[in-house]
Amino acid sequence: MPENPLSDRWPLAPSGAADWLRELCADDGVTGFLTPPLPDAAWVLNAMYEHERGPVDISYHEHRQALLAAGRIEPLSVAGLDLEVGIATGGGLGRAEHPGPGWRRLRWAELARRTGDPVVPEGRPPARHCFPSARKDGSWPLHLDPPTEGSLDRETWNRLVRVLTAYSPDGPDTRCLAYYNPLMLRGADFENLHVRAGHLRDAEALYDNTDADFSPSNLWAEDRSWVLCTDYDLWGTKVAGPPALIEALLTDPELEALRLPWGP
C-alpha cells in the first residue's frame, strides 16, 4: 500500500494525545468528540447548493425511478435484496466539492425562510432531520445539493482553517492535532485512536487524507485554546474556543454559523 502523502507534514501521533477529549466529553469518540464550550461555541454549517435552472418539481428518488423505467440504469441490489426503496434521497456521506457551473451557494437561513422550517430544530443538532418541508417523501428536490454528512465540504473546511489561523496563538505555525474516528477509516481500529500531529499552515491538506474520505473528526490547537468537531452523523461542525474566535465565525461572510443554546 502506498504511503499516505500526509506522513511528512502530519505524521501519526500517540493515541493518548486524544485522552483529554475522552475525559472532557466522557465519550469514546466513535463518531467524534463533541466538546462543550471552551468557553464559547458555535456550529459551522456545511454548504448546500442550488442549481440556477434545475427542475424544482422532481426529487432525486423520482429522477432515479425515471432512469430505471427508461432502462438507463440498473436496479441496485445486494445478495438478491432490492435496495431501491429510498436510495436516492440526495446528499452524501464524506468529502464534498462545489458541484460545478450553474450551482450557487444556498444559505440555510434562506431555505428556512422559503420553507418555514427552522434553520435547526430546537433541541437538535444540524443533521438529516433539518428541512423536512423541502423534501418529498424524504428525498431532496433535484435542483438542490444538500449538505454533506460526517464531513465538511472543501470550501467550508478551507475557509474555517483560515479563520482559525487568524485567531490562533501562533498563526500558521500553531501546532495542531487531528483525530479521525474509526468509522471513517478504511482500516477501522476501535482500540487505537488515529491521531496526526502537524501545523495549522498545513491543515488544508488534511482534507485529502488517503486513509479517510472525510475531513477530521476533531482538530485542535496543541494548547487546547480551540477545538472543532465534525460528528460522523451530523451536517455541521462545532467549534469551541474563545469568544473572539466564535464571534469571527458568526460574522464571517463566507461561512454560515450559529450558536445553538442546547446540547453539549
Side-chain angles (χ1 to χ4, degrees), residues 1-36 38 41 43-44 46 92-97 125-127 147-161 164-165 168 170 172-241 264:
M1 179 180 296
E3 187 177 15
N4 192 317
L6 286 178
S7 296
D8 290 337
R9 288 180 289 174
W10 289 90
L12 289 172
S15 281
D19 283 349
W20 75 283
L21 286 172
R22 287 186 192 265
E23 297 170 7
L24 179 68
C25 303
D27 186 44
D28 58 12
V30 168
T31 61
F33 293 104
L34 198 57
T35 56
L38 295 172
W43 286 89
V44 175
N46 294 350
L93 185 66
R95 287 192 297 243
E97 307 281 347
T148 187
E149 185 170 295
S151 175
L152 283 164
D153 56 280
R154 187 184 295 275
E155 283 190 312
T156 304
W157 170 259
N158 288 347
R159 181 59 187 171
L160 179 54
V161 167
L164 291 172
T165 301
S168 291
D170 295 313
D173 295 325
T174 300
R175 287 194 54 78
C176 300
L177 295 105
Y179 162 65
Y180 292 83
N181 78 61
L183 298 177
M184 62 173 56
L185 298 171
R186 291 189 172 87
D189 186 345
F190 289 85
E191 301 299 326
N192 302 297
L193 299 186
H194 186 102
V195 182
R196 292 183 176 271
H199 294 88
L200 197 49
R201 62 174 175 266
D202 297 319
E204 288 188 12
L206 288 169
Y207 203 81
D208 294 311
N209 184 359
T210 57
D211 289 339
D213 292 324
F214 297 77
S215 60
S217 303
N218 293 93
L219 180 74
W220 66 95
E222 189 176 56
D223 70 354
R224 305 176 188 176
S225 57
W226 53 260
V227 56
L228 62 82
C229 173
T230 305
D231 188 280
Y232 186 79
D233 296 319
L234 301 184
W235 289 359
T237 288
K238 187 176 184 181
V239 182

Centroid-centroid distance, F33 to Y179, less than 6.0 Å
yes
Return the orientation label for the W157 and Y207 ring planes: parallel under 30°, perpendicular over 60°, tilted otherwise.
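If you compare the ring of W157 with that of Y207, the planes turn out tilted.
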Quick one: are [X] and [Y] in side-chain contact, heavy atoms under 4.5 Å?
| X | Y | answer |
| --- | --- | --- |
| H199 | P172 | no |
| S168 | W226 | yes |
| V30 | N181 | no |
| H194 | D211 | yes |
| N218 | V227 | yes |
| L93 | F214 | yes |
| T165 | T174 | no |

Which atom pair, heavy atoms only, marks the closest approach of C229 to G32?
SG-C, 4.1 Å
Euclidean distance, [Y] [atom2] relative to [X] [atom1], rounded to 0.5 Å:
| X | Y | atom1 | atom2 | result |
| --- | --- | --- | --- | --- |
| L164 | C176 | CG | SG | 8.0 Å |
| L200 | D170 | CG | CG | 10.0 Å |
| D233 | E149 | CG | CD | 6.0 Å |

Taking D208's backbone N and O only, do any of them form a donor-acceptor pair with R154's side chain (distance below 3.5 Å, no angle check)?
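Here the side-chain-to-backbone pair does not exist.
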Looking at A96, is its backbone amide N or carbonyl O close enough to the side chain of D153 to form a donor-acceptor pair, meaning the two atoms are under 3.5 Å apart?
no
With sequence neighbours left out, the residues meeting side chain to side chain contact (heavy atoms under 4.5 Å, CB included) with T237 are L152, L160, L228, T230, V239
List the atom pairs, with distances to 0.1 Å, where a side-chain N or O of residues 9-24 and a protein N or O form a donor-acceptor pair under 3.5 Å, not counting sequence neighbours.
from : atom 1 : to   : atom 2 : distance (Å)
W10  : NE1    : D202 : O      : 3.0
S15  : OG     : L193 : N      : 2.9
S15  : OG     : L193 : O      : 2.8

Within residues 217-226 or reaching into it, pairs that qualify as salt bridge (charged side-chain N to carboxylate O under 4.0 Å, His left out) - sequence neighbours excluded
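Residue pairs with at least one partner in residues 217-226: R175-E222.
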